[in-house]
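Below is one structure, written out as structure tokens, with a few remarks after it.
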Amino acid sequence: MKLNQLDLQAALLCGEAVIFDEIDSTNEYLLCEYKHLAVGSVCAAEHQTAGRGRRGRSWYSGKNQNLCFSLLWRYSADEVHQISALSLVVALVLAESFTELGISDIQIKWPNDVYYQGKKLGGILIESRFENNDYYLVIGIGLNLSMDQVDLNVVNQPYADLSAYHLERNQLLQRIVPQLQKNLKIYPLVGFENYVERWQSYDLFYGKPVKLLAGDTEIHGISKGINDKGELLLEQAGKINAYAIGEMSLRAQ
Ligand code: BTN
């Protein structure tokens with residue numbers, strides 16, 4: 001079934017729903033339109049021709065089968081102190097939504113990749129603009145629901161999908177988006193501390209040897225979860241060191 005703008009609109013706690021058959025990137029749309037749209041607005045598309053991933057990569061989104069959407073939010077600079085940890089909260093909301101649907105074996109790979117049975121199921125790309133003391137955040141989410149026509153030029157890592165569950169995309173979107181809106185609303189009030197334990201219950205690599213890739217540098221250690229800033233904790237030579245969220249990638253050693 002195609003995505004339905006009215007059904008999504010009815011589910012939103014705030015903002016408006018905009019759905020396209022085809023667009024370059026839902027993130028790009030909201031980055032262009034954020035001045036004209038209310039906080040909480042969602043842009044979803046059946047197909048993206050230039051979907052963006054983290055670290056300058058492309059994001060594959062086949063036609064009418066996965067979920068690609070972006071959500072607009074705004075915080076004043078005084079209101080929120082841990083914007084960098086927000087992507088971990090978004091990953092947690094996704095993971096908990098899947099768990100509530102009865103899907104087990106969901107994990108999160110630090111900082112914000114959602115995994116299913118040890119393979120990537122979805123990703124999050126947050127882009128922002130800062131204007132008049134306000135952060136405008138565009139929270140882009142791509143979820144693999146059915147990956148039967150994959151473009152292997154774009155997808156270059158093992159991936160999972162949820163085709164075994166026959167999820168209806170409209171229902172999934174209507175479940176996830178209000179949960180995201182609710183958590184974005186309370187985030188400045190409760191802070192990231194409120195999410196640490198729940199995030200860690202999904203940690204893909206807890207207790208395992210990992211390497212952190214940052215440019216040409218490889219940092220090795222045993223993964224020990226996260227601290228209350230969302231930083232990665234690695235045990236190295238008997239000491240625990242924290243690594244800030246940035247343009248890094250975490251792998252099994
Ligand atoms: C990642 O690299 O893991 C992040 C992928 C984020 C993809 C989503 S799809 C919807 C939104 N629009 C984009 O262009 N990118 C994000």
Side-chain angles (χ1 to χ4, degrees), residues 3 8 15 17-34 37 40-73 84 86-95 97-98 106-116 118-129 136-147 149-162 169 172-173 176-177 180 184 202 204-205 212-214 230 232 245-251:
L3 293 174
L8 179 57
V18 187
I19 293 181
F20 291 98
D21 263 349
E22 185 171 285
I23 195 169
D24 49 359
S25 148
T26 56
N27 265 31
E28 182 61 26
Y29 176 80
L30 290 184
L31 284 171
C32 293
E33 294 298 325
Y34 70 92
L37 289 169
S41 292
V42 180
C43 172
E46 300 288 357
H47 178 54
Q48 295 184 121
T49 52
R52 301 203 276 260
R54 283 180 69 221
R55 306 169 80 220
R57 296 207 185 106
S58 301
W59 181 258
Y60 169 79
S61 33
K63 284 194 179 124
N64 308 328
Q65 49 180 3
N66 293 321
L67 270 187
C68 300
F69 65 99
S70 304
L71 174 60
L72 176 67
W73 206 258
S84 57
L86 193 64
S87 66
L88 283 75
V89 174
V90 174
L92 177 63
V93 170
L94 298 176
S97 301
F98 287 128
I106 294 284
Q107 303 93 23
I108 304 174
K109 180 168 81 90
W110 184 87
N112 59 19
D113 282 341
V114 181
Y115 271 53
Y116 172 61
K119 292 187 193 137
K120 183 156 169 167
L121 178 66
I124 297 160
L125 174 69
I126 301 188
E127 299 182 273
S128 62
R129 298 284 181 265
Y136 291 85
L137 303 175
V138 171
I139 300 163
I141 297 174
L143 297 171
N144 304 335
L145 299 187
S146 162
M147 293 284 273
Q149 307 153 16
V150 173
D151 180 349
L152 292 172
N153 293 317
V154 182
V155 182
N156 56 6
Q157 59 175 310
Y159 57 86
D161 72 14
L162 292 177
R169 293 183 308 144
L172 190 58
L173 202 54
I176 289 173
V177 174
L180 287 169
L184 288 162
Y202 286 97
L204 176 70
F205 283 141
L212 191 57
L213 310 177
L232 176 72
I245 304 157
E247 289 291 288
M248 301 190 193
S249 180
L250 188 63
R251 305 273 158 82

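Note that this is a predicted model, so its numbers are computed, not measured. Residues take their numbers from the sequence shown, with the count starting at 1. All ligand and atom numbering here is 1-based and tracks the order in the structure.
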Going through the checks in order, is the ring-ring contact (aromatic ring centres under 6.0 Å, His included) test met by F20 and Y29? CA-CA 10 Å; F20 291 98; Y29 176 80; 4.9 Å; yes
To the nearest 0.1 Å, how far is atom 2 (O) of ligand 1 from its closest protein heavy atom, and which atom is that? R54 N, 2.7 Å
Which is it for L180 and I139 under the side-chain contact (heavy atoms from CB on, under 4.5 Å) test, yes or no, and what are the steps along the way? CA-CA 10 Å; L180 287 169; I139 300 163; 5.8 Å; no
Note the single closest protein heavy atom to atom 5 (C) of ligand 1, along with its residue, its atom name and the distance in Å. W59 CE3, 3.3 Å
Shortest reach to atom 3 (O) of ligand 1 by a heavy atom, considering only K120, R55, R52, E127: K120
Point-to-point distance, once rounded to the nearest 0.5 Å, from CG of L212 to CE of M248: 5.0 Å
Taking 4.0 angstrom as the limit and counting only heavy atoms of F69, give me the atoms of ligand 1 inside it, by number and element. 10 (C)
Short question: side chain of N144, backbone of A160 - any donor-acceptor pair under 3.5 Å? yes
Using a 4.0 Å cutoff against the non-hydrogen atoms of T26, which atoms of ligand 1 qualify? 10 (C), 11 (C), 12 (N)
Would you check whether Q48 has a nitrogen or oxygen atom less than 3.5 angstrom from a nitrogen or oxygen atom of ligand 1? yes
Of all the atoms in ligand 1, which lie at a distance below 4.0 Å from a heavy atom belonging to S25? 12 (N), 13 (C), 14 (O)
Ligand-side contact atoms (ligand 1) for residue partner G51, heavy atom cut-off under 4.0 Å: 14 (O)
Which atom pair, heavy atoms only, marks the closest approach of N27 to L125? ND2-O, 3.2 Å
Backbone, side chain, both or neither: what part of D113 comes under 4.0 angstrom of ligand 1, heavy atoms only? side chain
Does any non-hydrogen side-chain atom of R54 lie less than 4.5 Å from one of P111? yes
Pairing residues for L172 by the side-chain contact (heavy atoms from CB on, under 4.5 Å) criterion, not counting sequence neighbours: L67, F98, L101, L145, L167, I176
